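Just so you know, these numbers use all the heavy atoms, side chains as well, and skip hydrogens, waters and symmetry mates. Here the structure is a predicted model, which means the values were calculated and not measured.
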Amino acid sequence: MSRTAAPVNPVPAHDVEDVEVIKRDISALHSDIAVARVNKNEPLVSRKELWSYYMYYNGDNGVGPNGYSMTLFQSLATAAGYDPVKGPGSSCSASDASGRCVLPWGKGTKEVTAVVLVSNGVSFAVMTAIFTTIGSAADYGTFGRWLLLVVTCVCWAAQFASMALTEPSRWGLAMALYMIGFISYGATLVFYAALFPRLARNTPHARELREKFENGEVSAEVYEVEESMEKNRISNISTMHSNIGYIITLALNLSLLLPLALNPKVDNYVLVLTNGYWVLTGIWWFIFQNPRPGPALPKGEYYFTIGWKQIWQAFKQYKKLPYTFIYLFAFFLLADGLNTTGTLISICQNDKFQFSFLYNTYLGLAQAVTSTISTLGFWYIQRYWKISTKKMFVVTNIVTVFIPFWGMIGIWTDKFGFHNVWEFWGYNVVFGLFQAPYYAFSQTMMAELTPPGFDNMFFGLFGLSNRASSMIGPNVIQAIINDTGNNWKGFPFLFALCFLASATIWFAVDVPKGRRDAVRWAEENINFGQDSTVPDERESVDSKSKDYGKEE
């Protein structure tokens, strides 16, 4: 028999093709480029599903729970408080007031600003408990799908309940509803973002890219870049829709704020209208979302305990995911600094404009319009020049550091540092231009560094870093303000926090290496977090390869 004769037991053609595909996949996995495994049993993302995903974020834009609710809470608390210089019974808004305002708190009093910051700090602590306890559990079965629905409904209920906040004496209820709304709103952002990597892997374009890679039409290097661009596309478009929703919501609110300016309940009506818009745009996601369940919960495990076990396993192996954990730690500090800076500036802004929903709406419109333009602009620049996610993120970080630095100047002068009307206009415009892309690119970086199949687990940690990080900032700042009575004394700490965190991300996070580490880690822990209904293709094909070698 000649050397070119067919083997006695030939391998079927389709098996040979499978062997070649997996060999190429394994080759990429052990080279400088690591390619994630894809579950082809997951349904393709339909146009209707993708648009419902975008529309959810269109309504979940934060105008209510992240903006108006705090303004209403601070307004009622200020009306219920008194000037500590003049004593109980005095008004904080009197023309001859000292500029300070306190509320009864425990056995003493506390500055209204400090009370708002305390409520934020407690809210972030509760978010931490949520994300660490049940965040990872969302990777199993359909738990994540129902979890997002529950926290969304809780947020909707808290916003509609704001109709009861009509008297200064109800500032305690306002605080409770603000915290419930703020906590559930933060949870919606995290569990919504956790859906994004799985969607990005299953778009028609992503599937086409994968097919070309498996057929050898594109290299692993090209596939890696193009897959990253697809993630950025969805992240930027969803962020753009959030900003478009921000514009529409604020514009709708003007239809109430202008004609009902003298109505004492107009602020409550505005909150209900804002929330109603989110219900109208957000409900479609729960109708059109395709099922992409994770594996069944392991025998003997529980939804309220497996999260801690997964997090503990991940932390034990941090050496295998160094860049993922450096990013999570640095982003923890960065988000803490930025979130607390935003809260402090909002407090100063509310004081400056006498808690006016109307003026805050005008400022919000300026931010929303520039956010939409900048998100599209940054995405166009990145796509045209194929700029990496990290480089785009670094540009937005520079402004993140500059904002608390500008506020710090206000300690020594009244000419600058968030003392003037024009500065709040400038802040909202600059924030819109750079911070909207900041959120999009930070989310994409997390998707790049997340092990495939462990999306909710690591986005839960990302939520801990992003939404729940601000346990340090608010508590430190409220102590400084309560001690000094000066809101601006908190900015130096926030500047230092943002600068340290940004520098760490700039110089210590290697995204390409981190992505490859994440893929390898996912492969090593496949049985712990991957869908158990998907056969281990590598194992079966490896055995085919061995048998084929023996037959030859």
Side-chain angles (χ1 to χ4, degrees), residues 62-95 97-126 158-159 161-183 185 264-271 274 339-340 342-360 418 424 470 473-475 477-490:
V63 170
N66 204 33
Y68 286 151
S69 288
M70 192 183 84
T71 300
L72 184 58
F73 162 39
Q74 189 181 345
S75 174
L76 293 177
T78 301
Y82 64 88
D83 188 335
V85 176
K86 296 188 175 183
S90 60
S91 173
C92 295
S93 57
S95 57
S98 67
R100 299 184 63 185
C101 190
V102 298
L103 283 164
W105 190 268
K107 295 182 180 179
T109 61
K110 188 177 283 289
E111 294 275 349
V112 169
T113 299
V115 171
V116 175
L117 289 167
V118 164
S119 67
N120 273 29
V122 172
S123 297
F124 286 125
V126 175
Q159 296 295 286
S162 64
M163 277 304 301
L165 306 177
T166 56
E167 301 291 338
S169 60
R170 296 179 181 176
W171 71 268
L173 177 61
M175 180 178 179
L177 289 177
Y178 165 67
M179 291 173 64
I180 292 171
F182 190 58
I183 291 166
Y185 165 69
K265 294 184 179 180
V266 65
D267 293 348
N268 307 82
Y269 297 150
V270 165
L271 263 170
T274 299
N339 291 340
T340 309
T343 301
L344 186 54
I345 293 175
S346 294
I347 290 171
C348 296
Q349 180 175 296
N350 287 333
D351 284 337
K352 187 68 177 178
F353 299 110
Q354 290 79 51
F355 315 103
S356 169
F357 267 40
L358 180 60
Y359 218 102
N360 282 344
F418 299 117
F424 292 102
S470 298
N475 289 305
I477 300 305
Q478 70 87 17
I480 293 173
I481 292 173
N482 204 53
D483 184 56
T484 64
N486 187 331
N487 290 349
W488 283 261
K489 290 291 181 70

Peer 1: Please tell me if the side chains of Ser90 and Tyr82 come closer than 4.5 Å, counting only heavy atoms from C-beta onward.
Peer 2: yes
Peer 1: Any heavy-atom pair between the side chains of Phe418 and Leu344 that's under 4.5 Å?
Peer 2: no
Peer 1: So, the side chain of Ser123 versus the backbone of Ser119: is there a donor-acceptor pair under 3.5 Å, distance only?
Peer 2: yes
Peer 1: According to side-chain hydrogen bond (donor to acceptor under 3.5 Å, both in side chains), who are the partners of Ser69, at least two apart in sequence or on a separate chain?
Peer 2: Gln159
Peer 1: With no hydrogens and no angle check, is any side-chain donor or acceptor of Gln74 less than 3.5 Å from a backbone partner on Leu72?
Peer 2: no
Peer 1: Checking Asn486 now: which residues fulfil side chain to side chain contact (heavy atoms under 4.5 Å, CB included) with it, not counting sequence neighbours?
Peer 2: Thr484, Trp488, Lys489
Peer 1: Quick one: closest heavy-atom pair of Leu103 and Ala80, and the distance?
Peer 2: CD2-C, 3.9 Å
Peer 1: Which residues pass the side-chain hydrogen bond (donor to acceptor under 3.5 Å, both in side chains) test with Thr113, sequence neighbours left out?
Peer 2: none
Peer 1: Going from CG on Asn350 to CD1 on Ile345, what distance comes out if it is rounded to the nearest 0.5 angstrom?
Peer 2: 12.0 Å
Peer 1: Report the distance from atom CG of Leu358 to atom CZ of Phe353, rounding to the nearest 0.5 Å.
Peer 2: 11.5 Å
Peer 1: Mind checking what makes side-chain hydrogen bond (donor to acceptor under 3.5 Å, both in side chains) contact with Thr274, not counting sequence neighbours?
Peer 2: Asn253
Peer 1: Check disulfide bond (SG atoms under 2.5 Å apart) between Cys92 and all other residues, then give those that pass, not counting sequence neighbours.
Peer 2: Cys101
Peer 1: For a 4.5 angstrom cut-off between non-hydrogen side-chain atoms, does Phe357 reach Val266?
Peer 2: no
Peer 1: Grab the two heavy atoms, one from Ala161 and one from Leu177, that are nearest each other, plus how far apart they are.
Peer 2: O-CD1, 3.7 Å
Peer 1: Determine whether Leu165 and Leu271 make a side-chain contact, defined as any pair of heavy atoms from C-beta on separated by less than 4.5 Å.
Peer 2: no
Peer 1: Taking the side chain as every heavy atom from C-beta outward, state whether Tyr359 and Phe424 have any atom pair closer than 4.5 Å.
Peer 2: no
Peer 1: Verify side-chain contact (heavy atoms from CB on, under 4.5 Å) between Ile347 and Val112, making sure each step is shown before the conclusion.
Peer 2: CA-CA 10 Å; Ile347 290 171; Val112 169; over 6 Å; no
Peer 1: Give, for atom CG of Asp351 and atom OG of Ser93, the distance between the pair rounded to the nearest 0.5 Å.
Peer 2: 11.0 Å
Peer 1: Can you see which heavy atom on Thr166 is nearest to which on Arg170, and at what distance?
Peer 2: OG1-NH1, 3.3 Å
Peer 1: So Gln478 and Val116, side-chain contact (heavy atoms from CB on, under 4.5 Å) or not? Walk me through it.
Peer 2: CA-CA 9 Å; Gln478 70 87 17; Val116 175; over 6 Å; no
Peer 1: Is there side-chain contact between Phe355 and Asp267, with heavy atoms separated by less than 4.5 Å?
Peer 2: no
Peer 1: With sequence neighbours left out, what residues match Asn482 under side-chain hydrogen bond (donor to acceptor under 3.5 Å, both in side chains)?
Peer 2: none
Peer 1: Side-chain contact, heavy-atom cut-off 4.5 Å: Asn120 with Tyr178?
Peer 2: yes
Peer 1: Measuring from atom CD of Glu111 to atom CD1 of Ile481, what distance do you get when rounded to the nearest 0.5 angstrom?
Peer 2: 8.5 Å
Peer 1: With no hydrogens and no angle check, is any side-chain donor or acceptor of Asp83 less than 3.5 Å from a backbone partner on Ala97?
Peer 2: no
Peer 1: Which atoms form the tightest heavy-atom contact between Pro104 and Trp171, and what is the distance?
Peer 2: O-CZ2, 4.4 Å
Peer 1: Would you call Ile477 and Thr343 a side-chain contact if the rule is heavy atoms closer than 4.5 Å?
Peer 2: no
Peer 1: Please report the closest heavy-atom contact between Ala174 and Leu76, naming both atoms and the distance.
Peer 2: CB-CD1, 3.9 Å
